[in-house]
Enquirer: 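Sharing a structure below in structure tokens format, with a few things to ask.
The sequence lines fix the lettering, A, B, ..., with proteins before strands; numbering per chain opens at 1. What's counted below: heavy atoms across the whole structure, side chains too, no hydrogens, waters or symmetry copies.
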Amino acid sequence: MTSLLSDLNPQQLEAITLPHQSVLVLAGAGSGKTRVLTTRIAYLIQSGQVSPSGILAVTFTNKAAKEMLTRITAMLPINPRGMWIGTFHGLCHRMLRSHYQDAGLPQAFQILDSADQLALIKRILKDLSADDKKFPPRQVQWFINNAKESGLRAAYVTIDDVFSRHMLEFYQAYELQCHKVSAVDFAELLLRSYELLSRNEILCQHYRERFNHILVDEFQDTNPLQYKWLKLLSGTGTKEAAAVFAVGDDDQSIYAFRGAYSGNMKDFERDFGITKIIKLEQNYRSHGNILDAANALIENNSERLGKNLWTAEGRGEPLRVYNAPNDFDEAAFIVEEVKTLHAEGIALSEIALLYRSNAQSRVFEHSLFNAAIPYRVYGGMRFFDRQEIKHALAYLRLIANLDDDGALLRVINFPTRGIGARSVEQLQEDAKVQGGSLWAAALLKCDGEVSLPQESHKSLKGVAKFVFLIMTMRQSCGELALPQIVECMLIHSELLTHYAKERESSERLENLNELINAATSFVHEAGNDSLAEFLAHASLEAGEHQVGSDRDALQLMTVHAAKGLEFHTVFLSGLEEGLFPHENSLNESNGIAEERRLMYVAMTRARRRLYLSFTQSRMLHGQTRYNIASRFLDEIPQTCLKWMQAAPRTSFRYSNSTNPISTSASSIQLRSSNSSRGGWKIGQSVMHAKFGTGVIINCEGCGSDARVQVNFDQAGMKWLSLEYAKLSTV
DNA sequence: CCCCAGCCGTTTTTT
DNA sequence: ACGGCTGGGG
């Protein structure tokens, strides 16, 4: 026990040893949040206050869940299976599996990932002959998920115009189709689980009695449905109410755009009768200048719960600011600095290059490639998202459930076996008439043919050949272990031979072989040999972005992707109005505040050194854009900053000699005075004689070419040339 | 059945 | 600028 609780600061200790009551823990960046969460669980169990089965801990990502489990099992010699530790979706899935009948689901329900869901929506829209110009599938998907994440079934969605009436129609058709093919999408996992608990009192009671302690990570990222789920499951206000240990940081809420509602923290205080808020403000990660700068920046947000990070370490280095003439030069500067740091002994993997949007990575990759600096880009394709893996999984899904129309459509003619679009259409029509699945229609179509003795199967063609293939694979499943099922499928489907024929396919073949390994380790870790469970695992956990290369490499990622990570040195690039804060955020309510939090997250990733860079011009969407420095730079005390000169460099793409503004002094001037665009700033309110009042949301060009884009309250969006338009400040 | 031209969108993203 | 998707033509 003593070793468990040693080296903790008073606030951490208080949080960990708090008696059975709900609490809100405001955990700042680098304040030892994960340690507090895991140590509390270990403490509760070790002190006999709760058995492992009385614990429910929920996170947002599989990575975080895994990390938590690893740390707990390192502290305590217990079997982790009894604890419910996982993502919201994972835990809801676990619950639905156990009570599928009560939840109104068949035992073999399948999970749709976003891509599967989109494909299904596309099919439905086609079926309804909806105009996909007027109703883009993505928007329909957004509408459905949004409704579900607000806890709304189609029957309860309110319609206030023609458009949403159509959307609702699609939602209803989608619900029907999901039911028909027993498919459950991500939001549905939560909604189903919520409805199960709210309708089935006995079951709800059972879980309330079981889970004495509920711990929630990244509480600021919960959406309304997740909050309702927690509230219901915890039974707050009842006799047997669980103690909810909610850990979050309102200043690190950066996922409002996907439905996260950080207002849940305030609601939590109210709904759970919180009397105790514990603030973890001591930062163990960064040096003083970095924290001071981050604190000063976030101070500009209103409606904060309030928190100030501090460190027992020294001030450390100042933040280094660099103003580049253009994006190529910015990249060149960073490359030089990375080289120097690496030469000084900093591992490349300890250096991160962060940007606001993925498009920015291209220039960096180009420069890094030329400089022969190994780098790794995060984001993009995940293992289970890859085409070849999707195809393989579709075969497995079809084996597990013959009525999975989506899976059938994906592989009926892949690799090609002479089943064209016409035959598929015919099948779809047949299925519609028969009211059954595509598989049933296919079976009927080649009635008799496939039941012929095996010797003649080689002569089978088209649909009959496909039906025979699937039936054969299904048969052999009964005798094989999961990895062998995967292997058998890869061979008999001829996916392997197909990709072997393709040029530059070694990576695809590698991935397909990796799928066998994935099955092996799944059996090992989950202690489960079920194909259906493996498929659920594949949907719920998209896997790593890329097969991990072990060599030391510079880390490139968006700021969002960097959340939760830390590095010795961080390069934060593209600090320009329109990019960071992103121009789209200007139109959103509280958009700037969210961008500022994003900036806060980015800055607090750095332990020892933080670079901030911005450019005067950069290529975006094929056009050169002229930018002014981000307002966020102005919000950092100058005393924390050190303005950098361009280091002498060998490889300039563009000389900066044509642009006089490259020294630190004039950079400041550029931002604060009327140099390049007559002092007009993005976000500024302006008045125009004809169009009235509006807000500048964009600007480009210099001197007589300078133009600003203004969003007028009445007249809407206009581009105005500053030379002619008479704008005045409001 | 495959290929290519043209068109669209282009902030952030986990499950 | 560029990549992904669609639809028409070979």
Enquirer: Which of these nucleotides, B/dT15, B/dT10, B/dT12, is closest to any side-chain atom of A/Asn62?
Expert: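 Closest nucleotide among those given: B/dT15.
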Enquirer: When the distance from CG of A/Leu579 to P of B/dT12 is rounded to whole Å, what number comes out?
Expert: 11 Å
Enquirer: What nucleic acid atoms does A/Phe60 come within less than 4.0 Å of, heavy atoms only: base, sugar-phosphate, or nothing?
Expert: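 Result for A/Phe60 = sugar-phosphate.
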Enquirer: Counting any heavy atom closer than 4.0 Å, what does A/Asn223 reach on the DNA or RNA strands: base, sugar-phosphate only, or nothing?
Expert: nothing
Enquirer: Using atom CZ of A/Arg192 as one end and atom P of B/dT15 as the other, report the distance to the nearest whole Å.
Expert: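 So the CZ-P distance, A/Arg192 to B/dT15, works out to 22 Å.
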Enquirer: When the nearest nucleotide of DNA chain B is assigned to A/Gly90 and to A/Glu595 on a heavy-atom basis, which residue is associated with the more 5' position?
Expert: A/Glu595
Enquirer: Between B/dG9 atom P and A/Gln139 atom CD, what is the distance in whole Å?
Expert: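 The distance from CD of A/Gln139 to P of B/dG9 comes to 11 Å, rounded to the nearest Å.
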Enquirer: Are OP1 or OP2 of B/dT10 and a side-chain N or O of A/Asn358 less than 4.0 angstrom apart?
Expert: no
Enquirer: Check whether any side-chain heavy atom of A/Val424 sits under 4.5 Å from a side-chain heavy atom of A/Asn413, and report yes or no.
Expert: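 Heavy-atom side-chain distance check fails, nothing below 4.5 Å.
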Enquirer: Reading DNA chain B from 5' onward, which residue's closest nucleotide shows up sooner: A/Ser357 or A/Gly420?
Expert: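 Looking at the nearest nucleotide for each, A/Gly420 comes out on the 5' side.
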Enquirer: So, A/His560 and B/dT12: ring centres less than 5.5 Å apart, planes less than 30° off, yes or no?
Expert: no
Enquirer: Counting only side-chain N and O atoms of A/Thr558, is one of them less than 4.0 Å from OP1 or OP2 of B/dT13?
Expert: yes
Enquirer: Just checking A/Glu188: base, sugar-phosphate only, or nothing, at a heavy-atom cut-off of under 4.0 Å?
Expert: nothing
Enquirer: Atom CG of A/Asp221 to atom C1' of B/dT14: distance rounded to whole Å?
Expert: 10 Å
Enquirer: Applying a 4.0 Å non-hydrogen cut-off, can you work out what A/Phe88 is touching in the nucleic acid: base, sugar-phosphate, or nothing?
Expert: nothing
Enquirer: Taking only the side-chain heavy atoms of A/Thr416 (C-beta and beyond), determine which of C/dA1, B/dT11, B/dC1 contains the nearest atom.
Expert: B/dC1
Enquirer: Between atom NZ in A/Lys126 and atom C1' in C/dT6, what is the gap in whole Å?
Expert: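 These atoms are roughly 10 Å apart.
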Enquirer: Does the side chain of A/Leu56 come within less than 4.5 Å of A/Leu91's, by heavy atoms?
Expert: yes
Enquirer: Can you confirm whether A/Phe632 sits close enough to A/Phe580 that some side-chain heavy atom of one is under 4.5 Å from a side-chain heavy atom of the other?
Expert: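 When only atoms from C-beta onward are counted, A/Phe580 and A/Phe632 do touch, with a gap below 4.5 Å.
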Enquirer: Please determine whether a side-chain nitrogen or oxygen atom of A/Arg258 lies at a distance below 4.0 Å from atom OP1 or OP2 of B/dT12.
Expert: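 No, because none of the side-chain N or O atoms of A/Arg258 sits under 4.0 Å from OP1 or OP2 of B/dT12.
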Enquirer: Check whether the side chain of A/Ser114 and the base of B/dT15 form a donor-acceptor pair under 3.5 Å.
Expert: yes
Enquirer: How long is the straight-line distance from CD of A/Gln360 back to CG of A/Leu579, given to the nearest 0.5 Å?
Expert: 4.5 Å
Enquirer: Anything under 30° is parallel, anything over 60° is perpendicular, the rest tilted; go ahead and classify A/His391 against A/Tyr499.
Expert: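 The rings of A/His391 and A/Tyr499 sit tilted, inter-plane angle from 30° to 60°.
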Enquirer: Given B/dT13, B/dT11, B/dT15, which nucleotide is nearest the side-chain atoms of A/Ala561?
Expert: B/dT13
Enquirer: If the test is side-chain contact (heavy atoms from CB on, under 4.5 Å), which one of A/Asp249, A/Ile254, A/Leu354 qualifies with A/Val601?
Expert: A/Ile254
Enquirer: I need the NZ-P distance between A/Lys66 and B/dT15, as an integer number of Å.
Expert: 10 Å
Enquirer: Examine B/dT13: is either OP1 or OP2 under 4.0 Å from a nitrogen or oxygen in the side chain of A/Arg382? Give yes or no.
Expert: no
Enquirer: How many whole angstroms separate atom NE2 of A/His93 from atom C1' of B/dT14?
Expert: 17 Å
Enquirer: Separation of A/Arg356 atom CZ from B/dT13 atom P, in whole Å?
Expert: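 Nearest whole value for this atom pair: 9 Å.
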